[in-house]
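Everything numeric here is computed off the predicted structure, so don't read it as measured data.
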Amino acid sequence: MYAVSADSKGLDTVVGLLADVVLHPRLTDEEIEMTRMAVRFELEDLNMRPDPEPLLTEMLHEAAYRGNTVGFRRFCPTENIAKIDRGVLHSYLRNYYTPDRMVLAGVGVEHDHLVECARKYLLGTQPAWGSETAVDVDRSVAQYTGGIIKLERDMSNVSLGPAPFPELTHIMIGLESCSFLEADFIPYAVLNMMMGGGGSFSAGGPGKGMFTRLYLNVLNRHHWMYNATAYHHSYEDTGLLCIHASADPRQVREMVEIITKEFVLMGGTVDVVELERAKTQLMSMLMMNLESRPVIFEDVGRQVLATHSRKLPHELCTLIRNVKPEDIKRVASKMLRGNPAVAALGNLADLPSYEHIHVALSSRDGRLPKTYRLFR
């Protein structure tokens with residue numbers, strides 16, 4: 001996404017600048033080398049952060065879609081950084097910067113004037129990478145597999161300052177939901193809001209989701225849980241609803257069981273009050289986000305690119321209001337029938353096996369099968 005905020009009188013100039021940046025990037029050797037250094041630094045930073053959420057999300061996708069589409073690495077492997085040069089970038093631009101994959105969106109401008117500028121600067125222009133046609137664009141559809149990715153790591157020294165940070169083990173469990181093109185996308189969004197959650201250090205107060213299930217059932221009841229948060233990732237052909245939890249390594253088994261129980265409870269009775277609260281929260285979040293113009297224009301661009309049309313806020317609010325308790329129960333039950341995806345990071349000595357997690361999610365109460373050890 002390339003974005004510019006400017007006075008509407010300068011629309012012609014701004015579209016000209018955008019077209020120039022998108023279609024004629026210089027990509028000098030110095031720029032590429034500086035970017036390589038920045039990427040190396042970001043990858044190092046990613047592995048040193050006390051908050052491992054981006055890394056866990058990456059691992060979870062790798063486990064859920066093994067060896068295909070969204071399961072591939074989003075972060076560049078260190079050994080590939082040096083291989084990316086101007087030729088590789090031009091090849092990428094040639095394949096993916098094509099008119100059928102582009103949307104020009106504007107907010108606070110006249111439509112006809114924007115169309116006129118698009119014709120002037122974007123039509124019939126020869127891009128920097130030449131006029132050869134795109135060849136190897138991957139159009140494969142995501143295949144959900146489920147599975148587990150584990151990364152044993154010493155998390156006892158992740159503190160960035162003099163104050164010690166507790167050693168934590170992080171778990172993320174996910175199940176396949178649906179794509180954003182399906183009608184069930186809205187019930188899943190409401191379910192994600194209903195689960196909510198956050199960190200144990202989150203300051204309370206209205207609108208902070210203190211009445212969501214992961215706060216009421218998990219963080220308020222189990223003082224040793226540092227985090228329990230629900231996320232929903234949705235794509236054109238698949239989706240993933242997951243819960244991220246973190247606790248002391250000695251309580252990993254208990255933490256996993258608490259999360260599997262919460263997943264199983266999703267398919268149970270839905271209280272009308274909590275459902276209405278989740279729907280209201282989702283609508284208010286949607287409306288608050290759409291108060292700023294940069295967000296509106298991004299929303300227009302993304303929706304048109306993904307669905308070839310744009311649903312207006314009041315249409316989305318109507319869809320949210322129409323979600324019933326039986327919709328939540330139906331989508332949750334459907335989701336629980338699939339294989340789970342699990343990502344685990346930290347000290348994993350007490351992590352239950354993948355099979356046991358799968359059995360717990362398929363059971364009526366979400367309990368892990370009992371294990372007996374001869375030696376402790």
For a 4.5 angstrom cut-off between non-hydrogen side-chain atoms, does [X] reach [Y]?
| X | Y | value |
| --- | --- | --- |
| C178 | M335 | no |
| T212 | Q281 | yes |
| L316 | L290 | no |
| M59 | K150 | no |
| T35 | R40 | no |
| M287 | E291 | no |
| V323 | I186 | yes |
| P25 | W129 | yes |

So if you build clusters from Ile, Leu, Val, Met, Phe, Trp, Tyr with side-chain heavy-atom gaps below 4.5 Å, do [X] and [Y] land together?
| X | Y | value |
| --- | --- | --- |
| V107 | V109 | no |
| Y2 | L123 | no |
| Y235 | Y96 | no |
| L305 | Y92 | no |
| I32 | V21 | yes |

Please check: side-chain N/O of [X] versus main-chain N/O of [Y], any donor-acceptor pairing under 3.5 Å?
| X | Y | answer |
| --- | --- | --- |
| S177 | L240 | yes |
| D20 | L23 | no |
| T260 | G366 | yes |
| Q303 | K311 | yes |
| Y144 | N339 | yes |
| H61 | T57 | yes |
| E58 | R74 | yes |
| Q143 | V141 | yes |
| N322 | T318 | yes |
| K279 | R321 | yes |

TODO: Test D365 against R367 for salt bridge (charged side-chain N to carboxylate O under 4.0 Å, His left out), laying out the working first.
DONE: CA-CA 6 Å; D365 57 4; R367 288 180 185 278; 3.4 Å; yes
* Asked: L312 and R310: side-chain contact (heavy atoms from CB on, under 4.5 Å), yes or no, with the steps?
  -> CA-CA 6 Å; L312 294 167; R310 185 193 177 215; 3.6 Å; yes
Original post:
For E152, does the CD atom have more than 12 heavy-atom neighbours from other residues, nucleotides or ligands under 6.0 Å away?
Top reply: yes
Is the number of heavy atoms from other residues, nucleotides or ligands under 6.0 Å of M34 CE greater than 12? no
### Query
Does one side chain, of Y65 or T238, offer a donor that lies under 3.5 Å from an acceptor on the other?
yes
Query raised in the report: In terms of side-chain heavy atoms, does T229 have a donor or acceptor partner in N227 at a distance below 3.5 Å?
Result: yes
Say you draw a straight line from [atom1] of [X] to [atom2] of [Y]; how long is it, rounded to the nearest 0.5 Å?
| X | Y | atom1 | atom2 | result |
| --- | --- | --- | --- | --- |
| S362 | I357 | OG | CD1 | 11.5 Å |
| I328 | E274 | CD1 | CD | 9.0 Å |
| T169 | D350 | OG1 | CG | 8.5 Å |
| E167 | S246 | CD | OG | 12.5 Å |
| E182 | S179 | CD | OG | 4.0 Å |
| L56 | L345 | CG | CG | 5.5 Å |

Could you go through residues 7-16 and list every donor-acceptor pair under 3.5 Å that involves a side-chain atom there, pairing it with any protein atom two or more places apart or in another chain?
residue : atom : partner : partner atom : Å
D7      : OD1  : K9      : N            : 2.9
D12     : OD1  : K120    : NZ           : 3.3
D12     : OD1  : Y121    : OH           : 2.4
D12     : OD2  : K120    : NZ           : 3.3

Quick one: closest heavy-atom pair of [X] and [Y], and the distance?
| X | Y | result |
| --- | --- | --- |
| L60 | G174 | CD1-N, 4.0 Å |
| I84 | C76 | CD1-SG, 4.3 Å |
| P54 | L46 | CB-CD1, 3.9 Å |
| R66 | G146 | NE-O, 4.4 Å |
| L114 | A105 | CD2-C, 4.3 Å |
| L175 | P340 | CD2-CA, 3.6 Å |

Self-check item: Parallel, tilted or perpendicular: rings of Y231 and H233 (30°, 60°)
Solution: parallel
[X] with [Y]: basic N within carboxylate O range, under 4.0 Å:
| X | Y | value |
| --- | --- | --- |
| R26 | E31 | no |
| K329 | E326 | no |
| R213 | E262 | no |
| D327 | R330 | yes |
| D248 | R250 | yes |

*asked:* D138 vs N95, test: side-chain contact (heavy atoms from CB on, under 4.5 Å). Steps then yes/no.
replied: CA-CA 10 Å; D138 184 0; N95 288 335; over 6 Å; no
Expected list for residues 251-259: side-chain donor-acceptor pairs under 3.5 angstrom, two or more places apart:
residue : atom : partner : partner atom : Å
R253    : NH2  : P369    : O            : 2.7
E257    : OE2  : L368    : N            : 2.8

Exercise for review: Please lay out, stage by stage, how H232 and F180 fare under the test ring-ring contact (aromatic ring centres under 6.0 Å, His included).
Suggested key: CA-CA 11 Å; H232 188 216; F180 55 66; over 10 Å; no
Test side-chain contact (heavy atoms from CB on, under 4.5 Å) applied to H90 and L27, step by step: CA-CA 9 Å; H90 273 174; L27 306 176; 3.8 Å; yes
Exercise. Evaluate the side-chain contact (heavy atoms from CB on, under 4.5 Å) criterion for residues M194 and V270: first the C-alpha distance (whole Å), next the side-chain angles of each, then the deciding distance (0.1 Å), finally the verdict.
Key: CA-CA 10 Å; M194 202 167 80; V270 178; 4.0 Å; yes
Geometric cation-pi criterion, R277 with F211: 6.0 Å, 45°: yes
